[in-house]
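Just so it is clear: chains get the letters A, B, ... in the order the sequence lines come, proteins before strands, and each one is counted from 1. Bear in mind the structure is a predicted one, so any value in this text is a computation, not a measurement.
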2 protein chains.
Amino acid sequence: MMDLAVLGLLHEGPLHGYQVRRRLHELGFRRVSFGSLYPAIRRLEGRGWIAARRGNGRRKEYGLTEEGRRAFEELLDAGVDDGDERRFRIRLAFFAHLEPHRRIAVLEERRAVLTDRLAELRRNRRRSTPADRYTVALMERSVATTESEIAWLDGLVAAERAGRT
Amino acid sequence: MMDLAVLGLLHEGPLHGYQVRRRLHELGFRRVSFGSLYPAIRRLEGRGWIAARRGNGRRKEYGLTEEGRRAFEELLDAGVDDGDERRFRIRLAFFAHLEPHRRIAVLEERRAVLTDRLAELRRNRRRSTPADRYTVALMERSVATTESEIAWLDGLVAAERAGRT
DNA sequence: TAAAGCATGTAAGAGGTTACATGATTGG
DNA sequence: CCAATCATGTAACCTCTTACATGCTTTA
């Protein structure tokens, strides 16, 4: 979901397309192609969520419109966690713009998704067809990474609660 | 990349669509929708890579054709690692069908990709705009997961070399 | 008997990828 | 001066998502 990412970045100040891409890259979203970025910008512009401000040279600086700001906050806050890794990471990147109690809720929702997934992985491991060692390695890795992410989330929740005191 | 996954599963024996989905699910590819699975099957059928064998009830069992077997082996073996997580996981799932020396090559290619990524993450962390604690958390998590995956790959490579003796 | 799971599909639309096209500016 | 990076875009193609449609079978 390019949209939330672009809105979030422009929420922090106007940028032009290339800068958006670079910032996304820094945030760990490698490989955002121009063929996906510029059409996304066009889309958002079409919805009136962003607008080109001034063009410095051949650059087009985009900023959030008032409508865009509202759309951003809705997108950031709303929506159950559907387990999409990418989307969660983007939401986290803009957590600063979310109310503290919503932050905790989002983290715990994510945690619940991962806990379910973990249970399912273990169920599968128990009753699946006798697997060769590579699929076993794959499944074990999935369990390990999921456990690790849950632990990480616990740390974030703890920090959030501590900071809120 | 549904294609490689479907070919790989049918390489191990004929299945019908629903079974393919279940097996994928077991392998950790949750959320393979029917709207992506059935068109994929149609696609592969159109290329002559798979063919419906017998229909038990309303089920359609698909099997690999000779051409499909060749296509599978090419897809599995070929292609540089472009860093796509999903694709790598699928390749690993069918590693048993790859020659031992190619397995090691694939693992090390993946390792190289991750090593590059790690270096980049660290570079970004050093020279990026002073970030709020959530983006910091995100970046640190990226570093940690990448390191962890590299260590895991090292384990796989070691096991592979040991097994090859 | 109702819900959950099995089983196959289609249609519309959103969105992404890859490749192409162009040109300025900056650094080694 | 050449390569890399900055900078913006288009076009064709492909694939996936979501929602709809249908109907059988198993299990609580």
Side-chain angles (χ1 to χ4, degrees), chain A residues 1-7 9 14-26 29-47 49-62 71 75 79-87 90 116 120 123-124 127, chain B residues 1-7 9 14-26 29-47 49-62 75 79-87 90 120 123-124 127:
Chain A
M1 197 103 283
M2 208 70 309
D3 294 13
L4 182 58
V6 174
L7 292 175
L9 288 172
L15 297 170
H16 58 260
Y18 205 86
Q19 280 176 323
V20 167
R21 189 192 182 233
R22 208 189 303 132
R23 294 278 292 115
L24 283 175
H25 213 244
E26 280 170 17
F29 302 94
R30 33 187 181 299
R31 240 156 28 133
V32 173
S33 69
F34 294 118
S36 109
L37 176 65
Y38 287 113
I41 287 174
R42 194 87 345 124
R43 229 166 28 234
L44 294 172
E45 204 179 5
R47 286 181 204 149
W49 291 355
I50 66 174
R53 296 268 158 95
R54 59 186 157 279
N56 187 328
R58 66 196 310 243
R59 276 170 276 170
K60 287 191 194 170
E61 275 210 333
Y62 290 93
L75 281 176
V80 270
D81 191 327
D82 61 346
D84 184 359
E85 166 90 17
R86 220 176 155 73
R87 188 185 189 80
I90 295 175
D116 284 357
E120 200 191 351
R123 230 180 302 130
N124 283 343
R127 65 142 166 69
Chain B
M1 197 103 279
M2 208 69 311
D3 294 12
L4 182 58
V6 173
L7 292 176
L9 288 173
L15 297 170
H16 58 261
Y18 205 87
Q19 280 176 324
V20 167
R21 190 194 182 232
R22 208 189 303 133
R23 295 278 293 116
L24 283 175
H25 213 244
E26 281 170 15
F29 302 95
R30 30 183 185 298
R31 240 155 32 131
V32 174
S33 69
F34 294 119
S36 108
L37 176 64
Y38 287 113
I41 286 176
R42 194 88 344 126
R43 233 169 22 238
L44 295 173
E45 204 180 4
R47 287 182 203 147
W49 291 356
I50 66 175
R53 296 269 158 94
R54 58 186 158 278
N56 186 328
R58 65 197 306 246
R59 276 169 276 171
K60 286 191 196 169
E61 275 210 335
Y62 289 92
L75 281 175
V80 271
D81 192 327
D82 62 346
D84 183 358
E85 166 90 18
R86 219 175 157 72
R87 189 185 188 80
I90 294 176
E120 200 192 350
R123 230 180 303 129
N124 283 342
R127 65 139 166 73

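Annotation: Arg86(B), atom CZ; neighbour count of heavy atoms from other residues, nucleotides and ligands within 6.0 Å does not exceed 12.
Nearest-nucleotide mapping onto DNA chain C: of Pro39(B) and Gln19(B), the residue sitting toward the 5' end is Gln19(B). Nearer to the 5' terminus of DNA chain C, by closest-nucleotide assignment, is the contact made by His16(B) (compared with the other of His16(B) and Leu37(A)).
Between Arg43(B) and the phosphate of dT15(D), there is a side-chain N or O to OP1/OP2 separation shorter than 4.0 Å. Phosphate proximity of dT15(D) to Ser36(B): absent, as no side-chain N or O sits under 4.0 Å from OP1 or OP2. Residue Arg42(A) places no side-chain N or O under 4.0 Å from the OP1 or OP2 atom of dT8(D).
Considering all non-hydrogen atoms of both residues, Leu9(A) and Val20(A) come closest at CD1-O, 3.7 Å. Scanning all heavy atoms of the two residues, the minimum distance from Arg30(A) to His25(A) falls at CA-CD2, 3.5 Å. Considering all non-hydrogen atoms of both residues, Gly17(A) and Leu37(A) come closest at O-CD2, 3.3 Å.
In this structure, Met2(A) places its CE atom 19 Å from P of dC16(D), rounding to the nearest Å. Taking atom CZ of residue Arg86(B) and atom P of nucleotide dT15(D), one finds them 14 Å apart after rounding to whole Å. The nearest whole Å value for the distance from the NZ atom in Lys60(A) to the C1' atom in dA7(D) is 11 Å. When the C1' atom of dT10(D) is taken as reference, atom CZ of Phe34(A) falls 14 Å away, rounded to whole Å. Distance, Leu44(B) CG to dC14(D) P: 14 Å, rounded to whole Å.
In this structure the side chain of Arg47(B) reaches within 4.5 angstrom of the side chain of Arg43(B), judged on heavy atoms. With contacts defined as side-chain heavy-atom distances shorter than 4.5 Å, the pair Leu24(A)/Met2(A) qualifies. Annotation: side chain of Ile90(B) is in contact with side chain of Phe29(B) (closest heavy-atom distance under 4.5 Å). Side chains of Val32(A) and Arg23(A) form no contact here, defined as non-hydrogen atoms less than 4.5 Å apart.
At a threshold of 4.0 angstrom between heavy atoms, the contacts of Gly17(A) are confined to the sugar-phosphate backbone, with no base atom among them. Among the atoms of the strands shown, only primed sugar atoms or phosphate atoms (P, OP1, OP2) are found under 4.0 Å from some heavy atom of Arg22(B).
Evaluation of the ring-ring contact (aromatic ring centres under 6.0 Å, His included) rule for Phe34(A) yields Tyr18(A), Tyr38(A) as partners, not counting sequence neighbours.
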Original post:
Which letter, B, S or -, goes with each nucleotide of nucleotides 21-28 of chain D from 5' to 3', with contact meaning a protein heavy atom under 4.0 Å?
Top reply: --B-----
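Taking every nucleotide of DNA chain C with any atom under 4.0 Å from a non-hydrogen atom of chain A, the first and last of them, 5' to 3', are dG15(C) to dG23(C).
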